[in-house]
Amino acid sequence: LLCKQFAKEVPDFLATPDIDTNKISNSLQDLIESPYGFVKVICYDYVVVGALVAVASEMLFNSNLIAQELMFWIEPEHRNGKTSVKIIKEYVKWAEDIDCSLVRLSTVDKSTGSKAGLLFQRQGFSCAEECYVKVL
């Protein structure tokens, strides 16, 4: 359900109308079972209101581990509290615990006008690069 909510909010070129729930379920289970997977679900009054999903892998040019967020989404009405900060801190702690040398978070700020990048900067992250997409 969160993946569908996430897809509604991101730019059209990132969203896909053909969400494969079996693929999502299998991928999340694989990440949960792996020490290199991070899956945290945020609940409020027993309702899921967000999640941060990430994976760690070796960098191409050395053996350093890098943690890369795959999906980070919180219901809009839960974004202005401490929920985002708490889950980011958990993500960074997990990355430290498995000896990552870099931790990445992505935004779609330029496409959507959101301000997630400001939150990330307040948590010690720096903008390192931009991503350009070509739809095929």
Side-chain angles (χ1 to χ4, degrees):
L1 180 61
L2 277 177
C3 291
K4 289 180 181 181
Q5 293 295 97
F6 173 79
K8 286 180 188 176
E9 195 167 323
V10 298
D12 289 340
F13 59 83
L14 292 177
T16 176
D18 58 340
I19 291 177
D20 183 342
T21 55
N22 287 327
K23 167 86 168 129
I24 293 168
S25 179
N26 292 337
S27 296
L28 290 175
Q29 189 62 46
D30 289 346
L31 289 168
I32 290 167
E33 292 173 2
S34 170
Y36 299 108
F38 180 88
V39 177
K40 290 290 178 176
V41 175
I42 304 160
C43 294
Y44 180 78
D45 286 339
Y46 303 102
V47 176
V48 175
V49 297
L52 198 159
V53 178
V55 65
S57 61
E58 287 187 354
M59 298 180 82
L60 177 64
F61 42 87
N62 60 38
S63 296
N64 293 349
L65 283 177
I66 181 170
Q68 172 63 57
E69 158 260 334
L70 301 171
M71 184 188 93
F72 182 24
W73 189 83
I74 297 177
E75 292 274 2
E77 59 270 15
H78 294 274
R79 293 182 185 170
N80 291 326
K82 296 179 183 177
T83 305
S84 297
V85 172
K86 182 179 176 185
I87 200 165
I88 290 170
K89 287 182 179 183
E90 288 184 43
Y91 172 49
V92 170
K93 173 82 169 82
W94 163 78
E96 290 172 342
D97 288 349
I98 63 169
D99 294 324
C100 287
S101 58
L102 290 172
V103 182
R104 293 180 54 140
L105 285 169
S106 304
T107 73
V108 289
D109 288 357
K110 286 189 176 184
S111 302
T112 65
S114 69
K115 294 184 171 57
L118 294 175
L119 169 66
F120 300 163
Q121 288 175 2
R122 288 194 304 263
Q123 298 307 306
F125 288 78
S126 300
C127 184
E129 61 185 26
E130 289 187 63
C131 175
Y132 294 82
V133 177
K134 181 176 183 174
V135 178
L136 302 176

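Between Ile66 and Cys100, the closest heavy-atom pair is C-SG, 4.1 Å. In plain terms, the two heavy atoms of Ala56 and Ile98 that are nearest each other are CB-CD1, 3.6 Å. Between Thr107 and Phe120, the closest heavy-atom pair is CG2-CE1, 3.2 Å. When all heavy atoms of Val48 and Cys43 are compared, the pair lying nearest together is CG2-SG, 4.0 Å.
In this structure, the side chains of Ile88 and Leu119 come closer than 4.5 Å at one or more pairs of heavy atoms. Residues Phe125 and Val103 have side chains in contact (heavy-atom distance under 4.5 Å, counting atoms from C-beta outward).
Taken from CD in Gln68 to OG in Ser106, the straight-line distance is 4.5 Å, to the nearest 0.5 Å. Atom OG in Ser27 sits 10.5 Å away from atom CG in Asn22 (nearest 0.5 Å). With values rounded to the nearest 0.5 angstrom, Ile42 atom CD1 is found 4.0 Å from Ile74 atom CD1. Within the model, atoms NZ of Lys40 and CG of Leu52 stand 10.5 Å from one another, a figure rounded to the nearest 0.5 Å.
Judged as a side-chain hydrogen bond (donor to acceptor under 3.5 Å, both in side chains), not a single pair has a partner in residues 58-67 (not counting sequence neighbours). Residues in residues 84-96 take part in these side-chain hydrogen bond (donor to acceptor under 3.5 Å, both in side chains) pairs, two or more places apart or across chains: Lys93-Asp97. Pairs of residues two or more places apart, or lying in two chains, that qualify as side-chain hydrogen bond (donor to acceptor under 3.5 Å, both in side chains) and include a residue from residues 28-37 are Gln29-Glu33.
Met59 and Leu65 fall into different hydrophobic clusters, where Ile, Leu, Val, Met, Phe, Trp and Tyr are joined by side-chain heavy atoms under 4.5 Å apart, directly or via other members. Val85 is connected to Phe72 through a chain of hydrophobic side-chain contacts under 4.5 Å among Ile, Leu, Val, Met, Phe, Trp and Tyr, so both are in one cluster.
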**Prompt:** Run the side-chain contact (heavy atoms from CB on, under 4.5 Å) check on Thr83 and Val49 step by step: do they pass?
**Reply:** CA-CA 10 Å; Thr83 305; Val49 297; 5.6 Å; no
